[in-house]
Amino acid sequence: MNIYKNHDIGELIRNNSYVGRGIVCGKTPDGKKAVTAYFIMGRSDNSRNRIFEEKGDEVIIYPFDASKVEDPTLIIYSPIRKYKNKLIVTNGNQTDTIYDYIKNGKSFEEALETRAFEPDFPNFTPRISAMLTFMEGDFTYKMSILKSADANGTVCNRYTFSYNPLPGAGHFIHTYVCDGNPIPTFQGEPERVIVPDDIDDFTNTIWNNLNGDNKISLYVRYTDIETGATENRLINKNV
């Protein structure tokens with residue numbers, strides 16, 4: 001087994017009906033751009049009734065049809081926010097927690113010590129988060145997962161992974177292993193994935209391989225490390 005192999009993300013998600021929500025961070029092969037991607041999936045009508053909207057550096061999730069919203073608590077949030085040289089990406093309202101802590105001079109880890117997995121028994125959906133920090137012509141990134149230690153939601157275990165990026169490589173973390181009842185939580189380290197130079201290649205690889213019934217929205221951002229210029233792609237199934 002080659003533990004250093006970077007996998008095709010399309011192969012990792014193909015034929016898997018439900019990987020849930022996913023975050024990718026990495027660097028393009030030419031070493032010039034930082035890459036991040038975030039997608040959401042859903043099985044219920046409430047979860048599927050969502051779209052991404054971009055507002056400046058921020059991405060916000062809104063209901064596609066406001067009249068059909070059953071419970072906005074865990075489905076409406078800002079998955080992407082930026083503060084100075086930091087780009088925050090998460091699968092819940094912990095985005096705001098991290099933003100507020102960073103703004104007050106505290107750390108990514110300190111912010112997430114105050115949060116736990118989602119209270120959606122029996123799944124106890126993990127909270128996944130990432131933060132890119134840009135500095136001196138390069139960047140680093142951290143990824144985190146907060147998940148239940150047992151089937152009863154008794155306590156929360158918190159895992160943080162810190163990376164110095166390699167050209168052409170990224171890491172992929174998602175909420176679930178696959179579909180199920182309850183849905184099995186992601187296990188182990190974030191998966192190593194190939195990151196291409198072309199944003200459309202990466203966007204299409206992810207979107208086209210997510211399950212057609214359960215995929216909802218995808219956002220991909222390439223950031224020029226030297227200039228800070230961004231190139232973005234946003235896809236909503238609901239249009």
Side-chain angles (χ1 to χ4, degrees), residues 12-13 16-24 37-53 59-81 88-101 108-109 111-131 143-161 172-191 210-219 236-238:
L12 294 178
I13 60 180
N16 188 339
S17 63
Y18 204 57
V19 293
R21 287 163 274 177
I23 299 172
V24 183
Y38 179 64
F39 66 78
I40 59 174
M41 305 179 76
R43 301 186 303 174
S44 68
D45 290 339
N46 191 47
S47 291
R48 291 177 176 178
N49 181 35
R50 294 184 286 174
I51 56 172
F52 285 179
E53 287 190 15
V59 175
I60 304 172
I61 297 177
Y62 288 107
F64 177 62
D65 183 344
S67 68
K68 295 181 178 180
V69 174
E70 299 169 12
D71 179 8
T73 308
L74 297 176
I75 66 168
I76 307 301
Y77 55 91
S78 296
I80 297 177
R81 296 188 69 182
I88 303 160
V89 187
T90 90
N91 74 326
N93 61 19
Q94 73 268 25
T95 308
D96 297 333
T97 305
I98 297 169
Y99 181 94
D100 291 340
Y101 267 66
F108 180 76
E109 291 86 351
L112 292 171
E113 280 291 332
T114 70
R115 303 304 305 268
F117 50 85
E118 296 179 2
D120 58 337
F121 176 88
N123 299 315
F124 298 119
T125 298
R127 292 189 185 272
I128 55 173
S129 309
M131 186 174 74
M143 306 186 91
S144 164
I145 184 167
L146 314 179
K147 59 184 182 178
S148 178
D150 62 15
N152 300 313
T154 305
V155 294
C156 179
N157 288 341
R158 298 174 175 86
Y159 305 86
T160 302
F161 306 89
F172 173 38
I173 192 168
H174 41 100
T175 51
Y176 308 124
V177 175
C178 58
D179 207 344
N181 189 24
I183 317 173
T185 293
F186 180 90
Q187 300 172 31
E189 296 182 20
E191 297 162 326
L210 287 170
N211 179 268
D213 292 329
N214 294 327
K215 66 184 178 184
I216 301 171
S217 298
L218 167 66
Y219 184 82
N236 288 313
K237 186 176 179 181
N238 294 315

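Fair warning: this is a prediction, and the values are worked out from it, not measured in the lab.
- Closest of all the heavy-atom pairs between Ser47 and Gly42 is CB-CA, 3.8 Å.
- Residue Glu109 places its CD atom among more than 12 non-hydrogen atoms of other residues, nucleotides or ligands, all under 6.0 Å distant.
- Counting heavy atoms from C-beta outward, Pro126 and Leu146 have side chains that stay 4.5 Å or more apart.
- Checked by atom type, the side-chain pair Ser67/Asp65 shows a donor-acceptor distance below 3.5 Å.
- Contact check for Glu53 versus Val59: no side-chain heavy atoms found under the 4.5 Å cut-off.
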I'd like to know whether Tyr159 forms a side chain to side chain contact (heavy atoms under 4.5 Å, CB included) with Phe161, so could you lay out the CA-CA distance, the side-chain angles of the two residues, the decisive distance to 0.1 Å, and finally the verdict. CA-CA 7 Å; Tyr159 305 86; Phe161 306 89; 4.0 Å; yes
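- Note: Ile23 CD1 to Ser144 OG = 9.0 Å, rounded to the nearest 0.5 Å.
- Atom-to-atom distance recorded for Glu113:CD and Phe108:CZ is 11.5 Å, nearest 0.5 angstrom.
- Between the Asn238 side chain and the Arg48 main chain, a donor and an acceptor come within less than 3.5 Å of each other.
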Do Ile173 and Glu191 pass the side chain to side chain contact (heavy atoms under 4.5 Å, CB included) test, and can you show the C-alpha distance, the side-chain angles, and the key distance before you say yes or no? CA-CA 6 Å; Ile173 192 168; Glu191 297 162 326; over 6 Å; no
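- For the atom pair OG (Ser148) and CG (Asn157), the distance works out to 8.0 Å, reported to the nearest 0.5 Å.
- Across all their heavy atoms, Phe117 and Lys147 have their closest contact at CD2-C, 3.6 Å.
- A cation-pi contact links Arg43 to Tyr18, judged by a cut-off of 6.0 Å to the six-membered ring centre and 45° from its axis.
- Side-chain contact between Phe186 and Thr175: absent, with no pair of heavy atoms (C-beta onward) separated by less than 4.5 Å.
- From Ile216, atom CD1 reaches atom CD1 of Ile61 across 8.5 Å, with rounding to the nearest 0.5 Å.
- Between Thr95 and Ile80 there is no side-chain heavy-atom pair separated by less than 4.5 Å.
- Arg115 CZ to Thr90 OG1: the interatomic distance, rounded to the nearest 0.5 Å, is 8.5 Å.
- Between Arg127 and Asn91, the closest side-chain pair of non-hydrogen atoms falls below 4.5 Å.
- Shown here for Asn93 and Tyr77, the closest heavy-atom pair between the two residues is N-CB, 3.9 Å.
- Taking the six-membered ring where the residue is Trp, the centroids of Tyr219 and Phe52 are separated by 6.0 Å or more.
- Shortest non-hydrogen contact noted between Ser129 and Leu112 is OG-CD2, 3.9 Å.
- Among all heavy-atom pairs drawn from Phe39 and Leu218, the shortest one is CB-CD1, 3.9 Å.
- The OG atom of Ser17 sits 5.5 Å away from the CG atom of Asn211 when rounded to the nearest 0.5 Å.
- Residues Asp45 and Lys68 are not paired through a salt bridge, judged by the lack of any N-O separation under 4.0 Å between the basic side chain and the carboxylate.
- Checking Thr125, Thr185, Asn123 one by one against Tyr176, the side-chain hydrogen bond (donor to acceptor under 3.5 Å, both in side chains) holds for a single residue, Thr125.
- Side-chain atoms of Arg21 and Met41, non-hydrogen and from C-beta on, never get closer than 4.5 Å to each other.
- Side-chain contact between Ile128 and Met143 is absent, with no heavy-atom pair separated by less than 4.5 Å.
- Ring geometry for His174 against Phe172 counts as tilted: the plane angle lies between 30° and 60°, on a 0 to 90° scale.
- With Val19 as reference, Leu210 is the one residue of Val177, Leu210, Leu12, Ile183 to meet the side chain to side chain contact (heavy atoms under 4.5 Å, CB included) rule.
- The side-chain heavy atoms of Cys178 and Pro184, taken from C-beta on, include a pair separated by under 4.5 Å.
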